[in-house]
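Working notes for the structure below.
For clarity, every value in this text was computed on a predicted model and none was experimentally measured. For this chain, numbers begin at 1 and follow the sequence in order.
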Amino acid sequence: MISKLWTSAQEKRLTVLAAVLASAACIACCFALAGPGFAVKRVDRSGQGIRLRDFPYPYSAMAALINDCDNTTPRSFERYHRFLNTRGETIYGPGLGLDISDSFFAYTSASDYNLVMTFFLGADPGARKDARRIERYIRCGWIDAMHTYGDFSAPDGAGGAGSAEDGDGVGGVEDAGGAGGEPVGFSRELGAAAYASLRRDGIYPIVWTDHGNEGNVQNFGSYGPGASSRYKLGDLPRAGERYHTDFTVPGGVKYVWDARHSSRFGYDFPLTARTLRDGQKVWSFSRYTGGGATNGGTANNGGATTVGGATNGGVGYYATAASGWDWYPDGLRRTLTEERLQALVADRQYGLFAQHMGFYGEDYIYEAEDVAALRLLAEYQYERSAILVAGTARLFEYATAHRFVSYEAYSSDGGAGGPNAGGPYAVINILSVADPLFPEPEPSVERLRGLTFYCDDPDRVKVFVNSAPLNDSELSRNGVDHTGRPSVSIRWRPNDDTDYTVFG
């Protein structure tokens, strides 16, 4: 009897303690340390059970096709983006209307320098080539990444710093093969000229993807003692004329590809904090390539086995079958499979995969199986409402906003007039995006697009940003999802399927 009484009393105490803890958890749903000095604060006193949803309603996952612009000409760029991004009629049938972004070269020293789409002509910062076109596509969102400052790949797949390595990551740097027969390699001067020109035009790409073989000493996505990365000098101050991240990163770059091949497709959070060799911090990301050697190795895109006729600087490509990589157009059928997309949705993850959509030249026509794979991805967005396809920068900006947003939710009287008059409503006041690397104490509405909050009654919720109310037109009040709960969202960007190729 005593034992039973003691147990009963203990249970009551535990019940009370649990209630107190639950109440505390309700008052302060989440205080997660984002980094030294940066706390993510999420407080709910609304009585509506306010909680952040994983992805914008109604989607259960997000995906980005992260494209590298190797070999891409203006004509091939416009042809495949017309299919990917618009709803117009194309050589592949109706366009997909997806938000898919791309990258660009500022320079190239490839022998076909007059054909590929570059900001400048060859490696001459004084001569613009496709600058106006590239600017247009950056402003509309079809381009959001720099594929480094350009293509300085040597035609033999080497010819860079690794040829005279002295063990400290600097080594002797030979010039890569040049445009028009003139030898040229990357220099800090070229980087600074491109940087200045882009800034004058109001261009601030926030994504950086490394490019090519050991002629590309401007790379800084990864580095180490191996020959595959020791030539990468972009973030090494003692590299002198090869060093540039002291102006490139402060100029806007936040997200950097880790320049390693990967067979992983889905991520709970797609970014990893990284400190560069000059002490600056950036977010690093990986992406599915199909596996294989580390970028820059002997089987890399600078020295791939020839399976077809496309060339870049005299090197044969069509390397998918020989290398096992899937980041070429004829690998789409192996990348975007029903099984993989189903798993992405079931695991509620971000899917990142690499491509080279213009790699095989402007006369290459995508095969039916690869077009079908892209249509399957579009089906997952439009017919199944399961995967939201987003441009690379937009996906990363959403992921960091979602991970590091701070907010407080509380109950407020309806007051006289207004849509919530006559009774209490919940207020969600977004305070900041406490990104430990790039904190934003006053985030814009654009920065917060897609954030979705579970609640009990979406019609009785107002959203504020730093105590300033959002117009109701910026909000979406949603029905229940798989959890059985409704929600309210800051609207995702409107779908834009405009054909920007028709503008001058």
For residues L236 and Y243, report the shortest heavy-atom separation together with the two atoms involved.
O-CB, 3.3 Å

Side-chain (D235) to main-chain (L276) donor-acceptor, under 3.5 angstrom:
no

Check each of T392, I143, I138 against D102 using the side chain to side chain contact (heavy atoms under 4.5 Å, CB included) test, and report the only one that passes.
I143

Counting only N and O atoms by type, is there a donor-acceptor contact under 3.5 Å from the side chain of T452 to the main-chain atoms of G450?
yes

Please report the interatomic distance CD1(I206) to CZ(R394), rounded to the nearest 0.5 Å.
10.0 Å

Give, for atom OG1 of T289 and atom CG of D326, the distance between the pair rounded to the nearest 0.5 Å.
8.0 Å

Verdict with supporting geometry, L96 and F83, side chain to side chain contact (heavy atoms under 4.5 Å, CB included):
CA-CA 6 Å; L96 302 178; F83 172 57; 3.8 Å; yes

Which atoms form the tightest heavy-atom contact between A193 and P125, and what is the distance?
CB-CB, 3.6 Å

Identify the heavy atoms of D370 and R333 that sit nearest to each other, and give their distance.
OD2-NH2, 2.7 Å

Please determine, by modelled atom types, if N216 and S153 share a side-chain donor-acceptor pair under 3.5 angstrom.
yes

Is R274 salt-bridged to D258, going by a charged N under 4.0 Å from an acidic O?
no

Check for me whether R340 meets the cation-pi criterion with Y288, that is, NZ or CZ under 6.0 Å from the six-membered ring centre and within 45 degrees of the ring axis.
yes

Enter the distance from E135:CD to S197:OG here, rounded to the nearest 0.5 Å.
7.5 Å

S103/H147 under side-chain hydrogen bond (donor to acceptor under 3.5 Å, both in side chains): CA gap, chis, key distance, verdict
CA-CA 6 Å; S103 57; H147 201 16; 4.8 Å; no

Do the rings of Y360 and Y364 sit parallel, tilted or perpendicular, given the 30° and 60° boundaries?
perpendicular

Hey, is the main chain of M357 close enough, under 3.5 Å, to the side chain of N67 for a donor-acceptor pair?
yes

Take the angle between the ring planes of H81 and W142 and call it parallel below 30°, perpendicular above 60°, tilted in between.
parallel

List the steps, then state whether side chain to side chain contact (heavy atoms under 4.5 Å, CB included) holds for V345 with Y59.
CA-CA 8 Å; V345 172; Y59 305 101; over 6 Å; no

Classify the ring geometry between Y107 and F152 as parallel (under 30°), tilted (30 to 60°) or perpendicular (over 60°).
tilted

How long is the gap from CD1 on I66 to OG on S286, to the nearest 0.5 Å?
9.0 Å

Can you find a pair of side-chain heavy atoms, one from T209 and one from F285, that are under 4.5 Å apart?
yes

Validation row: D99, L388 side chains within 4.5 angstrom (heavy atoms)
no

Quick one: does V405's side chain get under 4.5 Å of L451's, heavy atoms only?
yes

Evaluate side chain to side chain contact (heavy atoms under 4.5 Å, CB included) for T335 paired with F265, printing each intermediate quantity in order.
CA-CA 9 Å; T335 301; F265 188 86; 3.9 Å; yes

Looking at the rings of F453 and Y407, which for Trp means the six-membered one, are their centres under 6.0 Å apart?
yes

Please determine, by modelled atom types, if N71 and H356 share a side-chain donor-acceptor pair under 3.5 angstrom.
no

Closest approach of R199 to G251 (non-hydrogen atoms, all atoms of both residues)
NH2-O, 2.6 Å

Taking all heavy atoms of Y350 and all of A399, pick out the closest pair and write down the distance.
OH-CA, 3.5 Å

Does any N or O in the side chain of R348 come within less than 3.5 Å of the main-chain N or O of D54, such that one atom is a donor and the other an acceptor?
no

Judged by modelled atom types alone, do W327 and D68 share a side-chain donor-acceptor pair under 3.5 Å?
no

Assess the residue pair T72 and Y80 against the criterion (side chain to side chain contact (heavy atoms under 4.5 Å, CB included)); give the C-alpha distance rounded to whole Å, side-chain angles, the decisive distance to 0.1 Å, and a yes or no.
CA-CA 10 Å; T72 298; Y80 66 73; 3.7 Å; yes

Qualifying residues under side-chain contact (heavy atoms from CB on, under 4.5 Å), relative to T275, sequence neighbours excluded
K281

4.5 Å side-chain heavy-atom contact, Q349 and Y267
no

In terms of heavy-atom contacts, L448 and V433 come closest through CD2-CG2, 3.8 Å

Nearest 0.5 angstrom please: S60 OG to D347 CG, how far?
11.0 Å

Sub-3.5 Å donor-acceptor pair from the side chain of T108 to the main-chain atoms of G150, do we have one?
no

Would R75 and D363 count as a salt bridge (charged side-chain N to carboxylate O under 4.0 Å, His left out) if you check the C-alpha gap in whole Å, the side-chain angles of each, and the deciding distance to 0.1 Å?
CA-CA 9 Å; R75 179 171 174 261; D363 294 326; 3.4 Å; yes

Drop me the distance from D151's CG to S109's OG, to the nearest 0.5 angstrom.
5.5 Å

Using 30° and 60° as the class boundaries, would you call the ring planes of F503 and Y500 parallel, tilted or perpendicular?
tilted

Tell me whether E446 is salt-bridged to R449, with the criterion being a basic N under 4.0 Å from an acidic carboxylate O.
yes

Given 3.5 Å as the limit, does a donor-acceptor pair link the side chain of K41 with the main chain of A434, or not?
no

Heavy atoms, side chains only, cut-off 4.5 Å: are F119 and R128 in contact?
yes

Is the shortest side-chain heavy-atom distance between D435 and W283 below 4.5 Å?
yes

Strictly distance-based, threshold 3.5 Å: is any side-chain N or O of R242 a donor or acceptor partner for the main-chain N or O of F186?
yes

Pair listing, side chain to side chain donor-acceptor pair (under 3.5 Å) test, anchored in residues 245-255, at least two apart:
Y149-T248, R188-D246, H244-T248, T245-D278, K254-E397, Y255-E397, Y255-T400

Taking it one step at a time, do F77 and Y137 satisfy ring pair (Phe, Tyr, Trp, His ring centres under 6.0 Å)?
CA-CA 10 Å; F77 179 97; Y137 294 137; 4.9 Å; yes

Exercise: do T148 and H211 side chains pair donor with acceptor under 3.5 Å:
no

Side-chain ion pair, R136 and D130, N-O less than 4.0 Å
no

Are the side chain of N429 and the backbone N or O of S467 linked by a donor-acceptor pair below 3.5 Å?
yes

Is there side-chain contact between L65 and F353, with at least one heavy-atom pair below 4.5 Å?
yes

Spell out, as yes or no, whether a donor-acceptor pair under 3.5 Å connects the side chain of Q381 to the backbone of V389.
yes

Main chain of L121, side chain of T118: is a donor-acceptor contact present, judged purely on distance under 3.5 Å?
no

Side-chain heavy atoms of E241 within contact of V217, under 4.5 Å:
no

